[in-house]
Amino acid sequence: MKPSREIRNDFLKFFEERGHRIVPSAPVIPHGDPTLLFTNAGMNQFKDVFLGEGKRDYTRAADTQKCIRVSGKHNDLEEVGRDTYHHTFFEMLGNWSFGDYYKREAIQWAWELLTGVWKLPKERLWATVFTTDDEAHALWQEVTDIDPSHILRFGEKENFWEMGDTGPCGPCSEIHMDLTPEGNAPADLVNADDPRVIEIWNLVFIQNNRTNQGDLEPLPAKHVDTGMGFERICAALKCMENEFKIPPSNYDTDVFTPLISTLRDITGKPYKDGNDQVAMRVISDHVRALTFAIADGAIPSNEGRGYVLRRILRRAARFGRNLEMRDPFIYRLVDVLVVTMGDVFPEIKEQQSHIERVIKSEEEGFNATLDRGLEIFTEIIEKMKTSGENTIPGDDVFKLYDTYGFPVDLTALLARERGFTIDEQGFERLMTEQRERSRDVKKSAGDDSRPAITIESSILKPEQFTFTGYGNFESSARVILADNNLLVLAESPFYAEAGGQIGDTGEIQINGKTYRVIDTQKKNNVSIHILDEPAEITPGTEVTARIDKKRRVDIQRNHSATHIVHEALRQILGTHVQQQGSLVAPDRLRFDFPHFSKISAEELRDIEQMVNEKIKESIPVEDAILPYDEARKIPNVKMFFGEKYGDEVRIVIIDEKFSVEFCGGTHVPRTDDIGLFKIIHESSIASGVRRIEALTGEGIKRYIHEKIQEAEQTEENITKKFEEISSLQEELSKYTEEKQQQLTRPSLGAIDTSIADSITEANLHRIEELVRERKSIDDELTQAARDLRKQITKHKSRSAIQNIDSYLEQAISLNGFKLLTLQLEVDSMDELKSFGDSLRAKIGSGVGVIGTVINDKVQLLCVVTDDLIQERKLQAGKIVGEVAKLVGGGGGGRPHLATAGGREPEKLSDALKEVRRIVGSMLE
Ligand code: SER
């Protein structure tokens with residue numbers, strides 16, 4: 001059979017010969033388009049061109065685009081695996097005209113490629129056009145030799161293509177192929193969701209934009225956007241090679257057969273029998289979506305696209321259970337993809353081990369609850385069968401979600417397999433409640449404390465505002481607007497919080513009065529200065545705006561360090577490291593990124609070292625404004641998912657071979673202005689997401705001061721412990737004749753506080769060393785004190801036990817046995833208990849009740865000898881319980897030995913006087 005890679009190449013070559021620029025696939029995670037979770041069509045990367053907002057230096061392009069369709073307008077998830085031609089991930093071959101050719105060439109060339117190059121039988125092809133598109137209808141007859149009765153008209157649902165709820169769109173013309181053995185499918189099988197007649201190519205004539213309000217507006221120019229399902233055309237060509245005798249399946253092409261055969265090896269099951277076959281298709285489909293999405297920077301999580309990935313993975317894992325796979329195995333298929341597709345999409349090869357780790361750890365996580373969840377699900381179904389219900393209640397769906405990690409569509413799938421449905425609305429209601437609860441918690445934790453900017457966006461005009469703060473710390477400026485304590489200026493050096501860098505503070509002088517700026521925030525790309533008090537100022541007034549320079553310089557140090565550490569992390573941990581969040585503050589920086597294991601002390605040291613070397617190299621930190629399209633092509637440039645970039649972007653360069661990053665923030669002029677870099681904390685903030693916190697410059701100074709304080713505090717502790725130990729030793733010597741063990745205090749060097757003022761790596765290490773040393777002495781002393789205390793206890797109880805005979809003389813006799821009531825001074829329950837044990841052994845036949853006060857609480861102990869338990873039915877637990885009531889407490893225990901506590905020590909001696917009465921009453 002013709003290998004799929006040849007088919008892909010045929011397509012690209014055909015359009016290259018017709019003047020098309022072959023462009024790379026955009027990432028499957030769309031950069032800069034918040035309306036999309038995943039790239040769902042080849043045209044996504046050209047959306048700006050269609051809307052007239054962006055330009056390319058070519059007007060014709062072709063590519064193969066990685067697409068995922070599992071959410072939003074184009075969602076094929078339900079079909080995947082059940083049929084043979086829908087996928088979560090697929091390649092879309094496409095050709096485009098940007099205001100260049102239109103319907104005629106699009107139709108003519110499609111026909112030529114299909115029937116001329118690939119030789120598809122013309123009589124098996126059908127074309128559809130939009131109901132009112134007479135032009136396309138006529139062109140099909142004019143420029144091709146298609147059977148005119150094979151041109152059909154369809155309505156909006158089939159033949160008006162839209163990317164999402166908003167965006168470029170237009171009428172389309174689709175090509176469908178008849179794959180029946182006889183090639184005589186009737187017209188009504190076209191667009192009937194029937195595997196025998198499938199859509200292979202969609203030619204969209206982009207001429208409108210769907211606005212936020214849902215209206216259609218005409219676009220400035222007309223464009224062509226075509227998309228052909230790569231896996232489908234491979235299946236169609238294979239079906240043709242088999243003379244249409246074997247029903248087509250995308251899974252029978254070499255796009256999928258290596259995956260299926262590996263799955264057969266792993267599971268030991270054949271690729272046949274309805275259920276196993278569906279399971280293998282689902283898994284081999286889903287692993288592709290997971291692999292490509294993770295390679296492009298997505299990570300399974302509980303939100304947004306991360307949650308979509310989690311759902312896909314869990315669906316695959318559940319189908320794995322149907323194949324009796326209990327241990328993680330899906331990750332083992334990644335290698336097959338790397339081998340078969342790694343040359344076309346090198347990103348999966350580069351990220352292989354990261355992808356495998358992410359998938360494996362997700363599988364492990366879900367496997368842990370999957371069995372129990374499936375059991376619960378079966379119980380629910382059984383219950384419903386008895387009650388004759390058909391819809392699984394929202395509560396149950398929610399419980400499966402919340403406790404067992406079953407995404408709602410997985411529960412829906414399981415239900416459907418058994419002929420049930422789920423109460424989706426009920427589930428959603430519970431989800432909303434949960435979300436609100438967690439929002440309340442966040443609020444009370446002070447997360448949302450920043451007041452909203454009350455100025456309307458519409459009156460803020462970005463074109464009237466200039467940020468002057470890249471080079472200046474002070475400007476004079478004209479007031480545009482003052483609203484309560486919010487102030488807008490025509491130009492300002494105040495940086496408004498963005499990209500992790502927090503807003504500037506400082507002061508503004510207005511008519512001789514100085515106002516403090518406590519924060520700066522951005523709205524509609526205009527900086528809003530937040531003053532510490534309301535100011536009444538008329539627009540047009542001239543003011544002087546001055547930022548807190550020292551604070552800003554600290555922020556700049558941390559910002560430049562963030563760029564350097566980002567690259568250092570990639571070089572040391574791997575290129576899967578991509579910024580997921582950051583905080584750039586004056587006193588510290590924080591950086592979050594996907595990574596699947598704890599960062600070892602050694603790695604942290606290497607990262608720190610690399611950053612400090614770059615600092616020492618005194619590299620100039622430069623910036624440039626470039627067209628977006630040019631900037632994003634810079635090798636290894638760092639840009640961010642979910643960010644919306646304009647036509648022009650600012651990049652910050654710290655040695656073009658080291659770090660080039662899209663960034664609007666402010667930086668130090670040269671790297672050695674950062675001073676020094678120190679990682680102080682490394683942690684996990686979510687599954688697969690790590691956080692490091694670090695310091696530079698001033699932050700390190702403060703850190704050293706804190707460390708010195710810590711050292712001094714430890715030193716104080718050490719002194720206290722020495723005193724404690726000497727007093728313990730004294731006490732010990734009272735109980736022993738043994739020679740006092742001599743503990744000599746190690747001599748402690750003076751702490752040189754002056755070193756905090758000169759920050760060098762050597763000083764930093766010295767102070768850290770000092771703290772470590774002090775702490776270990778402190779620990780040793782704690783242990784020594786603990787040992788001494790133990791010894792003393794042992795000595796004390798030994799002497800009390802030795803004295804038991806004298807205590808026993810105080811026992812009275814009661815109905816033929818001995819009763820001893822005692823108030824002792826002991827230090828611990830252990831001592832009390834060992835005294836009780838000895839008493840019980842020595843008393844012969846009797847009852848002992850001992851009370852003591854430890855740490856202001858009464859402790860009681862009662863022992864009863866075996867003969868009294870059996871013959872007189874006395875029980876230590878009951879006796880001690882009654883006594884405890886008299887001292888404001890309670891307790892109990894076994895018949896022969898029991899303890900109790902009480903809160904009223906002052907009542908102890910009276911309570912002990914009652915013991916005789918209590919025991920007596922129990923005898924009757
Ligand atoms: N945008 C159209 C589609 O996705 C053609 O590429 O079907």
Side-chain angles (χ1 to χ4, degrees), residues 8 11-12 14-15 20 22-26 28 30 33 35-51 60-77 79 85-98 100-103 105-107 109-111 113-114 126-130 133 136 154-177 190-191 193 198-210 216 219 222-233 236 250 289:
R8 193 190 285 114
F11 179 90
L12 297 175
F14 181 87
F15 284 102
H20 291 64
I22 307 304
V23 297
S25 170
V28 81
D33 188 346
T35 68
L36 269 185
L37 277 187
F38 295 99
T39 300
N40 66 5
M43 53 73 70
N44 295 169
Q45 64 166 313
F46 303 115
K47 182 175 163 187
D48 58 324
V49 186
F50 293 143
L51 293 176
R60 297 177 183 192
D63 75 1
T64 179
Q65 172 64 50
K66 304 176 280 186
C67 297
I68 290 186
R69 287 192 172 177
V70 280
S71 52
K73 189 167 172 69
H74 299 279
N75 183 351
D76 296 333
L77 187 63
E79 272 68 49
Y85 59 101
H86 278 96
H87 299 293
T88 54
F89 170 89
F90 63 98
E91 277 178 70
M92 187 185 283
L93 301 168
N95 58 289
W96 290 276
S97 148
F98 308 122
D100 187 327
Y101 61 84
Y102 203 43
K103 298 182 185 177
E105 291 84 346
I107 292 172
W109 286 337
W111 188 253
L113 176 63
L114 294 177
W126 293 77
T128 66
V129 298
F130 186 46
D133 193 351
F154 281 90
E156 246 177 57
K157 182 170 160 276
E158 292 84 6
N159 279 69
F160 193 89
W161 195 84
E162 303 202 39
M163 156 181 170
D165 294 333
T166 59
C169 51
C172 63
S173 180
E174 294 177 342
I175 302 166
H176 296 248
M177 181 167 177
V190 174
N191 268 334
D193 248 333
I198 59 164
E199 174 202 335
I200 50 176
W201 203 343
N202 185 12
L203 320 177
V204 186
F205 311 120
I206 300 268
Q207 55 188 40
N208 301 101
N209 177 35
R210 175 82 67 190
L216 276 188
L219 287 173
K222 289 180 174 158
H223 316 276
V224 172
D225 153 37
T226 90
M228 166 149 59
F230 171 62
E231 297 75 8
R232 287 188 186 180
I233 191 69
N250 296 1

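Counting starts at 1 for both ligands and their atoms, following the listed order. Fair warning: this is a prediction, and the values are worked out from it, not measured in the lab.
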Nearest heavy atom to atom 2 (C) of ligand 1, choosing from Thr226, Asp225, Leu203, Asn95, belongs to Asp225
Ligand 1 to Met43, heavy atom cutoff 4.0 Å, flagged ligand atoms 1 (N)
Ligand 1 atoms nearer than 4.0 angstrom to some heavy atom of Val204 are 2 (C), 5 (C)
(message) What I want to know is whether Gly227 and ligand 1 share at least one N or O pair that is separated by under 3.5 angstrom.
(response) yes
Test your reading of the structure: does Asn202 have an N or O sitting under 3.5 Å from an N or O of ligand 1? yes
shortest atom 4 (O) of ligand 1-to-protein heavy-atom contact is with Arg69 NH2, 3.0 Å
Short version for Met163: what comes under 4.0 Å of ligand 1, heavy atoms counted, is neither
Short version for Glu199: what comes under 4.0 Å of ligand 1, heavy atoms counted, is neither
**4.0 Å heavy-atom contact, Glu174 with ligand 1** = no
* Output yes when a side-chain donor or acceptor of Glu231 lies under 3.5 Å from a complementary backbone atom of Glu91, and no otherwise. => yes
Between Val70 and Phe89, is there a side-chain heavy-atom distance shorter than 4.5 Å? no
Under a 4.5 Å cut-off applied to non-hydrogen side-chain atoms, are Pro30 and Leu36 in contact?
yes
Residues passing the side chain to side chain contact (heavy atoms under 4.5 Å, CB included) test with Glu199, sequence neighbours excluded, are Glu174, His176, Asn202, Arg232
Open item on the list: Does the plane of the ring in Phe98 sit parallel, tilted or perpendicular to the ring in Phe50? Use 30° and 60° as the thresholds.
Closed with: tilted
**Asked** Using the ring of each side chain (for Trp, its six-membered ring), is Phe15 parallel, tilted or perpendicular to Trp109, with breaks at 30° and 60°?
**Response** perpendicular
* To do: Determine, using ring centers only, whether Tyr101 and His20 are less than 6.0 Å apart.
  => yes
